[in-house]
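Scroll down for the structure; my scribbles are underneath it.
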2 protein chains.
Amino acid sequence: MSGYLHPAPGDIRLTTVLAALGDPVRIAIVRALAAAEIGLNCSAAGPIENVPRSTLSHHFRVLREAGVISMVKKGVENINTLRRADLDDRFPGLLDQILRSSCADLGPDSAGASTSPPEAPAASAAP
Amino acid sequence: MSGYLHPAPGDIRLTTVLAALGDPVRIAIVRALAAAEIGLNCSAAGPIENVPRSTLSHHFRVLREAGVISMVKKGVENINTLRRADLDDRFPGLLDQILRSSCADLGPDSAGASTSPPEAPAASAAP
DNA sequence: TACCGTAGTTCCAGAATACCGAACTATTGG
DNA sequence: CCAATAGTTCGGTATTCTGGAACTACGGTA
């Protein structure tokens, strides 16, 4: 059936799921899959941004191995679906909550915004 | 003289928060801070596991720069508190949902697909 | 003052992972 | 068979994670 390896529902771990969703490209993929309630191939689920296909493939693999999506080869393409039931069963309400929250995260996209550098000359100011 | 640099509430990004929480050590820290509703120093908030201090310091920095925790130097120690208000303001319900879900993530794996919600928060106290 | 112990940070290496171009592997259609 | 499509895998480089050793900062004690 599914040609790829997916974790069993009981093996889905919260930290792995959160780490998988903690990436702008990957959460965009998940949001696209959640919006289209049917399976999408990688091109349709990937964001319109200029993401190379090898990088996209990597992101799909992370999502798949985290148990967030399910991937089934169908002809020349891969059909990706959100593992909603498995996620809701293991972490009830989590996925919906994150998808709802992600609406507030749209805006100045990641990378290079000079408004808030994540690293700073740390620690104690002048004593 | 607040000490360390924290992102402004409006600069807290969902993907950064999820990435910060997508680590076993870091979510253990957040759970400890959530359980003890007061500030904890790094030693008290850190998991009992054998995590070196340098690694722990790194994890606290990631949480701080993600906007998850706030760190204030107080004497010889750092007092860490969860930025509950800021997180709830930006992503309402998200933190509670994740903390609730993280109870299901304890242990190596759960046998079978059972919809039993684990409601046994055993140890909760810190001295 | 000096000295000591505690609490964290910083520095430096090595391991692990992320990114992306290029080459490769199916599968479908002409 | 040949070409096009859809993704994967393979390289090198870049970034991050991990942990030991050294360091800074503060409080207490003479």
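This structure is a prediction, so every number in the text was calculated from the model and none was measured. Atom set for the values below is all heavy atoms of this structure, side chains included, hydrogens, waters and symmetry mates excluded. Letters A, B, ... are given to chains in the order of the sequence lines, protein chains preceding strands, and every chain is numbered from 1.
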Reckon [X] has a side-chain N or O less than 4.0 Å from the OP1 or OP2 of [N]?
X	N	value
A/Ser54	C/dA22	no
B/Asn41	C/dT6	no
A/Thr55	C/dC20	yes
B/His59	D/dT18	yes
B/Asn50	D/dG19	no
A/Ser57	D/dT8	yes

Side chain to side chain contact (heavy atoms under 4.5 Å, CB included) test vs B/Leu63 passes for just one of B/Val17, B/Ile29, B/Asp23, namely B/Ile29
Nucleotide [N], atom [atom2] - distance to [atom1] of [X] in whole Å:
X	N	atom1	atom2	answer
B/Leu40	C/dA7	CG	C1'	14 Å
B/Leu56	D/dC17	CG	P	14 Å
A/Met71	D/dG7	CE	P	7 Å
A/Asn78	D/dA6	CG	P	12 Å
A/Phe60	C/dC20	CZ	C1'	17 Å
A/Arg61	D/dG7	CZ	C1'	13 Å
B/Ile79	C/dG8	CD1	C1'	13 Å
A/Glu65	D/dT8	CD	C1'	13 Å

* Are B/Val25 and B/Val30 linked, directly or through other ILVMFWY residues, by side chains that come within less than 4.5 angstrom of each other? -> yes
Check: C/dA7, D/dG7, C/dT9: which one has an atom nearest the side-chain heavy atoms of B/Ser43?
Finding: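 Of all the options, the side chain of B/Ser43 is nearest to C/dA7.
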Quiz item: Out of D/dG19, D/dT8, D/dC17, which has the shortest distance to the side chain of B/His58?
Solution: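 Of D/dG19, D/dT8, D/dC17, D/dC17 is nearest to the side chain of B/His58.
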Side chains of A/Asn80 and A/Cys42: closer than 4.5 Å at any heavy-atom pair? yes
_Any non-hydrogen side-chain atom of A/Thr16 less than 4.5 Å from a side-chain atom of A/Ile12?_
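No - every pair of side-chain heavy atoms lies 4.5 Å or more apart.
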Its contact letters, B for base, S for sugar-phosphate only and - for none at protein heavy atoms under 4.0 Å, make nucleotides 23-30 of chain C read ----BS--
Provide the closest heavy-atom pair for [X] versus [Y] in the form atom of the first, atom of the second, distance.
X	Y	result
B/Leu14	A/Ile27	CD2-CD1, 3.7 Å
B/Leu18	A/Gly22	CB-CA, 3.8 Å
B/Ala45	B/Leu33	CB-CD2, 3.9 Å

*Under 4.0 Å between a Lys/Arg side-chain N and an Asp/Glu carboxylate O for A/Arg84 and A/Asp96?*
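Looking at A/Arg84 and A/Asp96, the cut-off is met.
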Atom pairs under 3.5 Å, N or O on each side, protein against nucleotides 1-4 of chain C: can you list them with distances?
none

Return yes if some donor-acceptor pair links the side-chain N/O of A/Asn41 with the main-chain N/O of A/Glu77 below 3.5 Å, else return no. no
**Asked** Of the options B/His59, B/His58, B/Glu65, which is the one that meets B/Arg61 in a side-chain hydrogen bond (donor to acceptor under 3.5 Å, both in side chains)?
**Response**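 Result: among B/His59, B/His58, B/Glu65, B/Glu65 is the only option passing the side-chain hydrogen bond (donor to acceptor under 3.5 Å, both in side chains) with B/Arg61.
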